[in-house]
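For reference, positions follow the sequence shown, starting with 1.
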Amino acid sequence: MSNYFEGFPREYIDFLWELRMNNNTQWFAENRERYNALVKDPMKLFSEEMTERLNSMGMGVTFTAYISRANRDIRFSKDKSPYKDRRWVVFNFGENRWQEKCCFYFEIAPEGYSCGMGLWNAGATYMERYRRKLSAKPATVKKLDKKLKGQDIFVPESRMYKKNFAPEGVNKEIAYWYQYRNLGFTSEYKITDSLFDRRILDEVQEGFEFLKPFFAFFKDI
């Protein structure tokens with residue numbers, strides 16, 4: 001394996017489709033070397049360099065990369081497919097687990113790549129703190145809302161509570177922020193030529209730069 005990220009192999013996407021269609025231990029054992037060369041090793045190199053870039057962006061924290069494993073946890077899942085048909089990296093910070101906070105992420109699936117920031121399994125306690133912060137800083141939320149609506153790359157969490165959590169008198173333009181079930185901003189899956197060379201680093205970094213003010217607002221929840 002090269003120690004320098006040169007882009008993801010063009011066979012990366014094809015391999016993930018193959019894995020999705022042949023998700024069993026025998027096929028994976030026979031193709032483990034391909035998995036390491038096409039999927040595991042390139043993501044490691046990407047994650048290392050992107051971590052360095054994040055740590056140079058002046059966000060006041062130190063990031064570390066957590067890369068997903070090949071195996072799925074199927075103990076409590078109806079889907080007993082043993083392997084993930086995608087690979088992702090979460091950029092954690094601080095002492096707590098990344099599952100407990102709002103983090104940047106990058107993922108490659110058979111459909112393409114996606115990146116963003118968020119906490120997609122937020123519990124009721126977390127979202128209660130989230131709503132308190134919205135109420136404490138309405139002017140900042142309005143600025144973030146305007147920034148989000150001024151672009152078409154990142155979309156917010158789509159699942160909404162039916163119950164109205166917006167307090168009385170809140171600005172109507174930002175009232176919907178109180179209705180999210182989770183906190184997340186994500187890009188759609190896409191495949192571009194930049195995925196297969198070093199331009200993907202610049203694209204993802206540019207996306208993270210856009211999300212910096214969102215991260216600054218939500219990282220301490």
Side-chain angles (χ1 to χ4, degrees), residues 16 20 23 59 61 66 68-69 72-81 84-94 96-190 204 207-221:
L16 293 182
R20 178 176 288 184
N23 202 324
M59 286 188 269
V61 297
Y66 179 93
S68 62
R69 298 177 179 179
R72 294 181 63 248
D73 184 352
I74 60 175
R75 292 174 298 172
F76 309 107
S77 174
K78 293 182 180 180
D79 179 4
K80 298 303 180 182
S81 302
K84 298 183 180 76
D85 62 2
R86 59 196 63 227
R87 195 164 180 85
W88 44 257
V89 55
V90 171
F91 299 95
N92 195 12
F93 62 95
N96 296 335
R97 299 163 64 242
W98 62 264
Q99 294 93 334
E100 301 171 357
K101 68 190 82 166
C102 191
C103 294
F104 292 103
Y105 84 93
F106 173 79
E107 178 183 68
I108 302 182
E111 293 79 8
Y113 80 88
S114 173
C115 67
M117 182 201 78
L119 171 60
W120 279 268
N121 291 308
T125 301
Y126 181 94
M127 295 308 291
E128 183 179 351
R129 295 198 303 267
Y130 159 81
R131 291 189 291 270
R132 286 203 299 266
K133 185 150 193 179
L134 296 181
S135 296
K137 302 284 187 179
T140 302
V141 178
K142 192 172 181 179
K143 289 180 181 178
L144 294 177
D145 185 68
K146 182 178 180 180
K147 184 177 179 66
L148 190 64
K149 291 175 177 175
Q151 52 84 55
D152 58 3
I153 297 176
F154 294 102
V155 295
E157 161 70 28
S158 60
R159 294 184 301 158
M160 312 286 276
Y161 285 112
K162 293 182 179 179
K163 176 183 176 181
N164 181 25
F165 284 98
E168 186 176 350
V170 70
N171 188 304
K172 292 182 179 180
E173 293 182 15
I174 62 173
Y176 73 98
W177 285 67
Y178 287 83
Q179 301 307 117
Y180 291 133
R181 286 182 173 272
N182 286 295
L183 176 60
F185 306 92
T186 184
S187 67
E188 294 183 355
Y189 289 100
K190 61 181 180 179
V204 175
F208 289 166
E209 288 278 3
F210 173 85
L211 292 170
K212 274 178 64 174
F214 296 85
F215 177 78
F217 186 72
F218 294 122
K219 69 181 177 67
D220 296 324
I221 294 177

Gap separating the [atom1] atom of [X] from the [atom2] atom of [Y], nearest 0.5 angstrom:
| X | Y | atom1 | atom2 | answer |
| --- | --- | --- | --- | --- |
| Arg87 | Ile108 | CZ | CD1 | 10.5 Å |
| Cys103 | Trp120 | SG | CH2 | 9.0 Å |
| Arg132 | Met127 | CZ | CE | 12.0 Å |
| Ser158 | Tyr180 | OG | OH | 9.0 Å |
| Arg86 | Arg20 | CZ | CZ | 5.5 Å |

Reference residue Phe215; test ring pair (Phe, Tyr, Trp, His ring centres under 6.0 Å); the match among Phe208, Phe104, Phe210: Phe104
Neighbour count above 12 (heavy atom, 6.0 Å) for Arg129 CZ: yes
Pairwise side-chain contact, Lys142 with Asn171, heavy-atom cut-off 4.5 Å (strictly under): yes
Beyond-backbone contact of Ser135 with Val170, side-chain heavy atoms, under 4.5 angstrom: no
Audit row: Tyr130, Phe218, ring-ring contact (aromatic ring centres under 6.0 Å, His included) steps and yes/no: CA-CA 8 Å; Tyr130 159 81; Phe218 294 122; 5.7 Å; yes
Glu157 and Arg159 ion-paired at < 4.0 Å: yes
Lys/Arg cation over aromatic Tyr178: Arg131, 6.0 Å, 45° cone: no
Axial cation check for Phe217 ring with Lys137, 6.0 Å and 45° limits: no
Minimum-distance pair of heavy atoms, taken over all atoms of Ile221 and Leu183: CD1-CD2, 4.5 Å
Derivation and outcome, ring-ring contact (aromatic ring centres under 6.0 Å, His included), residues Trp88 and Tyr113: CA-CA 9 Å; Trp88 44 257; Tyr113 80 88; over 10 Å; no
